[in-house]
*Asks:* 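Quick one: the structure is below, and I'll ask about it shortly.
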Amino acid sequence: PWSRSVTAVIAAHIDSKILPNFLGADDAASSVATIIALAEHLHKYHPNAAKQLELVFFDGEEAVGPNMTFQVDGLYGSIHYSRAVQSSVAQGISPYKKTPQFGIVLDMIGHKNLNVKIPSDTPKQLAHSYDTAREKLGLENHFGKSSSSFLDDHYPMNVIADIPTIDLIGDFSANKWWHTSADSIDLISKKSLSMSIHMTLEILSNHL
């Protein structure tokens, strides 16, 4: 890793909220598991595409306090990564001599009755690929759009690293289990994970 420039980044955070009896099966184990499955699939069936990707696991996405605030509390891993990319490109040294062309962040994409909504500030080209993918796969009922923007690991990548990044994130505002002890393995659906994997692969295919 970090030995050459890559075309795209697929990322997820590995930490869970520090709360009593909180397991974090969807937030964020589902996304981590999905990236591992994608890595195995791409390595086996699409090795040329796999060579163009960097898989990144962020730590410190969750705020230590009750609320996430950009550059104050939360998003620690993605901010660190984005600054490293920015510095590397500016200096023309390893790891990156040029900025990756795009990124995909996965977050809370394995729950039953899957309800993913990308933020309103999603880069236009990636939003178009998202629309094309959900229509092609017939997944409009599970993959929608939010009317607002919000903070997640895609934000530093867009703002600091200048990597156009889409955030495939479960609609936490509508999920009563978010950041509670109900975020357990019983919440996870094989069908939802499969849909998220296919959506990610379809978006990748439009850009690689």
*Asks:* Same cluster for Phe150 and Val72 if Ile/Leu/Val/Met/Phe/Trp/Tyr side chains link at under 4.5 Å?
*Replies:* no
*Asks:* Assess the residue pair Leu38 and Ile197 against the criterion (side chain to side chain contact (heavy atoms under 4.5 Å, CB included)); give the C-alpha distance rounded to whole Å, side-chain angles, the decisive distance to 0.1 Å, and a yes or no.
*Replies:* CA-CA 7 Å; Leu38 284 167; Ile197 288 172; 3.8 Å; yes
*Asks:* In the single-linkage hydrophobic clustering (I, L, V, M, F, W, Y; side-chain heavy atoms under 4.5 Å), do Leu126 and Val9 co-cluster?
*Replies:*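 In one cluster: no.
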*Asks:* Under the criterion side chain to side chain contact (heavy atoms under 4.5 Å, CB included), which of Ile35, Ile109, Leu168 is the partner of Thr200?
*Replies:*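 The side chain to side chain contact (heavy atoms under 4.5 Å, CB included) with Thr200 is passed solely by Leu168 among Ile35, Ile109, Leu168.
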*Asks:* So that I can tick it off, tell me whether Lys17 and Asp183 are bridged by a salt bridge, with the cut-off set at under 4.0 angstrom between side-chain N and carboxylate O.
*Replies:* no
*Asks:* Are Val105 and Ile169 close enough that some pair of their side-chain heavy atoms sits under 4.5 Å apart?
*Replies:* no
*Asks:* To the nearest 0.5 Å, how far apart are CD in Glu61 and CG in Asp59?
*Replies:*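 Answer rounded to 0.5 Å: 10.0 Å.
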*Asks:* So, for Tyr130 and Gly144, which heavy atoms are closest and what is the spacing to 0.1 Å?
*Replies:* OH-O, 2.7 Å
*Asks:* Quick one: does any side-chain atom of Asp171 pair with a main-chain N or O of Val116 as donor and acceptor, under 3.5 Å?
*Replies:* no
*Asks:* If you take all heavy atoms of Thr165 and Ile104, which pair is closest and at what distance?
*Replies:* CG2-N, 4.1 Å
*Asks:* Please report the shortest heavy-atom distance between Gly74 and Ile79, naming the atom on each side.
*Replies:*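 Result for this residue pair: O-CD1, 4.1 Å.
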*Asks:* State whether the side chain of Ser205 and the backbone N or O of Glu202 hold a donor-acceptor pair below 3.5 Å, judged by distance alone.
*Replies:* yes
*Asks:* CE of Met108 to CH2 of Trp178: how many Å apart, nearest 0.5 Å?
*Replies:* 6.5 Å
*Asks:* Would you say His111's side chain and Leu187's backbone share a donor-acceptor pair under 3.5 angstrom?
*Replies:* no
*Asks:* Are Phe57 and Leu42 connected, step by step, through hydrophobic side chains (Ile, Leu, Val, Met, Phe, Trp, Tyr) whose heavy atoms are closer than 4.5 Å?
*Replies:* yes
*Asks:* So, do His41 and Leu201 sit near enough that their side-chain heavy atoms are less than 4.5 Å apart?
*Replies:*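 Answer yes - side chains close enough.
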*Asks:* Does a donor on one side chain and an acceptor on the other come within less than 3.5 Å for Gln91 and Ser87?
*Replies:* yes
*Asks:* Determine whether Ser16 and Leu23 satisfy the following criterion, side chain to side chain contact (heavy atoms under 4.5 Å, CB included), listing intermediate values before the conclusion.
*Replies:* CA-CA 7 Å; Ser16 294; Leu23 300 176; over 6 Å; no
*Asks:* Taking all non-hydrogen atoms of both residues, which atom of Ser192 and which atom of Asn113 are closest, and how far apart?
*Replies:* OG-N, 4.4 Å
*Asks:* Is Leu208 reachable from Met157 through a run of I, L, V, M, F, W or Y residues, each pair having side-chain heavy atoms under 4.5 Å apart?
*Replies:* no
*Asks:* For the residue pair Val6 and Lys51, establish whether any side-chain heavy-atom pair is separated by less than 4.5 Å.
*Replies:*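 When only atoms from C-beta onward are counted, Lys51 and Val6 do not touch, as no gap falls below 4.5 Å.
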*Asks:* Could you verify whether a donor N or O on one side chain and an acceptor N or O on the other, from Ser181 and Asn21, lie under 3.5 Å apart?
*Replies:*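 Checked: Ser181/Asn21 side chains show no N/O donor-acceptor pair below 3.5 Å.
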*Asks:* Work out which heavy atom in His207 is nearest to a heavy atom in Ser129; give both atom names and the distance.
*Replies:*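 Closest approach of His207 to Ser129: NE2-OG, 2.6 Å.
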*Asks:* Report the distance from atom CG of Asn158 to atom OG1 of Thr122, rounding to the nearest 0.5 Å.
*Replies:*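 One gets 8.0 Å once the value is rounded to the nearest 0.5 Å.
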*Asks:* Could you pull out the closest heavy-atom pair between Thr180 and Phe22, with the gap in Å?
*Replies:* O-CD1, 2.8 Å
*Asks:* Do the side chains of Ile10 and Ile14 join up, straight or via other hydrophobic residues, at under 4.5 Å, putting them in one cluster?
*Replies:*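 Looking at the clustering, Ile14 is in the same group as Ile10.
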*Asks:* Looking at Val64, is its backbone amide N or carbonyl O close enough to the side chain of Asp73 to form a donor-acceptor pair, meaning the two atoms are under 3.5 Å apart?
*Replies:*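 Here the side-chain-to-backbone pair exists.
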*Asks:* Let's go through Met195 and Leu193 carefully: what are the C-alpha distance in whole Å and the side-chain angles of both, what is the deciding distance for side chain to side chain contact (heavy atoms under 4.5 Å, CB included) to 0.1 Å, and is it a yes or a no?
*Replies:* CA-CA 5 Å; Met195 288 190 289; Leu193 290 170; over 6 Å; no
*Asks:* For the residue pair Glu62 and Ile18, establish whether any side-chain heavy-atom pair is separated by less than 4.5 Å.
*Replies:*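 Side-chain contact under 4.5 Å: no.
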*Asks:* Would you confirm whether Lys112, through its side chain, and Asp186, through its main-chain N or O, come within 3.5 Å as a donor-acceptor pair?
*Replies:*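 Yes.
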*Asks:* Using side-chain heavy atoms (C-beta onward) and a distance below 4.5 Å, is Gln101 in contact with Gln52?
*Replies:* no
*Asks:* Would you check if His179 and Phe172 make a side-chain contact, meaning some heavy-atom pair closer than 4.5 Å?
*Replies:*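 His179 vs Phe172: side chains apart.
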*Asks:* Kindly compute the distance separating OG (Ser30) from CD1 (Ile188), expressed to the nearest 0.5 Å.
*Replies:*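 Here the interatomic distance stands at 5.0 Å.
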*Asks:* Taking the six-membered ring for Trp, is the centroid-to-centroid distance between Tyr76 and Phe58 below 6.0 Å?
*Replies:*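 Between Phe58 and Tyr76, which both carry aromatic rings, the centre distance is not below 6.0 Å.
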*Asks:* Without swapping roles, check the side chain of Ser88 against the backbone of Ala84 for a donor-acceptor pair under 3.5 Å.
*Replies:*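 Pair absent, no side-chain N/O of Ser88 close to backbone of Ala84.
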*Asks:* Between Arg134 and Phe143, is there a donor-acceptor pair closer than 3.5 Å when you use the side chain of the first and the backbone of the second?
*Replies:*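 Looks like yes, one N/O pair under 3.5 Å.
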*Asks:* Looking only at the side chains, is there a donor atom on one of Asp107 and His13 sitting less than 3.5 Å from an acceptor on the other?
*Replies:* yes
*Asks:* Rounded to the nearest 0.5 Å, what's the gap from CD1 on Ile163 to CZ on Phe102? Could you check?
*Replies:*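 Between atom CD1 of Ile163 and atom CZ of Phe102 there are 11.0 Å.
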*Asks:* Report yes if some heavy atom in the side chain of His154 is under 4.5 Å from a heavy atom in the side chain of Asp121; otherwise report no.
*Replies:* yes
*Asks:* Donor-acceptor pair, distance only, cut-off 3.5 Å: does the side chain of Tyr81 make one with the backbone of Pro156?
*Replies:* no
*Asks:* Do Gln86 and Asp162 have side-chain heavy atoms sitting under 4.5 Å apart?
*Replies:* no
*Asks:* Counting N and O atoms only, with roles assigned by atom type, does the side chain of His198 sit under 3.5 Å from a partner on the main chain of Ser194, one being a donor and the other an acceptor?
*Replies:* yes
*Asks:* With rounding to the nearest 0.5 angstrom, report the OG to CG distance, Ser31 to Asp26.
*Replies:* 7.0 Å
*Asks:* Donor-acceptor pair, Ser147 side chain versus Ser120 backbone, under 3.5 Å?
*Replies:*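 No, Ser147 side chain to Ser120 backbone: no donor-acceptor pair under 3.5 Å.
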